[in-house]
Amino acid sequence: MGDDGSSRRRNSNMENEWQVLPSDGKLFHEMARPQFPELCYLPEDPRGDRARRLAESDISEEAAEKACANLKDELDRKDCVYDILATQDMDMVGAY
């Protein structure tokens, strides 16, 4: 949703949609850059493309389930399996 209440379906430029404009008045005690009309600073992505490629996963769901099998609580087991698959890190079982 945009700052004007309109529904927007854009994946980019969201930062600039929410930028404080001069017409919004003073919202903060200190003025900091960037100020309109200068655009908001976009964060850098130090790791590059982060799209998950589940087909390229090295850890199977079965392997994750086996690693989490000793957990007594069913919800903990499900969370454990999810975390292992999401991070591709078998050591996540240690968090439980």
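None of the values given here were measured: they were computed from a predicted structure. Throughout, numbering of the chain's residues begins at 1 and tracks the sequence.
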Quiz item: Listed by chain and number, what are the salt bridge (charged side-chain N to carboxylate O under 4.0 Å, His left out) partners of Glu30, not counting sequence neighbours?
Solution: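 By the salt bridge (charged side-chain N to carboxylate O under 4.0 Å, His left out) rule, Glu30 matches no residue at all.
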Exercise. For Lys78, check salt bridge (charged side-chain N to carboxylate O under 4.0 Å, His left out) against everything at least two apart and list the hits.
Key: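 For Lys78, the residues satisfying salt bridge (charged side-chain N to carboxylate O under 4.0 Å, His left out) (neighbours in sequence not counted) are Glu74.
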Quiz item: What pairs of residues pass the salt bridge (Lys or Arg N to Asp or Glu O under 4.0 Å) test when at least one of them lies in residues 83-96, not counting sequence neighbours?
Solution: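 For residues 83-96: none.
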Minimal non-hydrogen separation, [X] against [Y], with atom names:
X: Met90; Y: Ala63; value: CE-O, 3.7 Å
X: Ala64; Y: Ile84; value: CB-CG2, 3.8 Å
X: Gln19; Y: Pro34; value: NE2-O, 4.0 Å
X: Met31; Y: Gln35; value: CE-OE1, 3.6 Å

Practice problem: Check for a donor-acceptor pair, side chain of Arg77 on one end and backbone N or O of Lys72 on the other, with a separation under 3.5 Å. | Solution: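 Yes, the answer is positive, given that a donor and an acceptor are paired below the 3.5 Å cut-off.
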Quiz item: In the hydrophobic clustering that connects Ile, Leu, Val, Met, Phe, Trp and Tyr at side-chain heavy-atom distances below 4.5 Å, which members other than Phe28 occupy its cluster, ordered by chain and number?
Solution: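 Listed partners: Val20, Leu27.
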Quiz item: How is the hydrophobic cluster of Leu71 composed, in terms of its other members, when Ile, Leu, Val, Met, Phe, Trp and Tyr link through side-chain heavy atoms under 4.5 Å apart, directly or indirectly?
Solution: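 Listed partners: Tyr96.
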Exercise. Identify, with sequence neighbours excluded, every residue that meets side-chain hydrogen bond (donor to acceptor under 3.5 Å, both in side chains) alongside Glu38.
Key: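 Testing Glu38 for side-chain hydrogen bond (donor to acceptor under 3.5 Å, both in side chains), a comparison that skips the adjacent residues, returns Arg33, Tyr41.
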Mind checking what makes side chain to side chain contact (heavy atoms under 4.5 Å, CB included) contact with [X], not counting sequence neighbours?
X: Glu65; answer: Glu61, Val81
X: Ser23; answer: Leu21
X: Asp73; answer: Leu75, Asp76

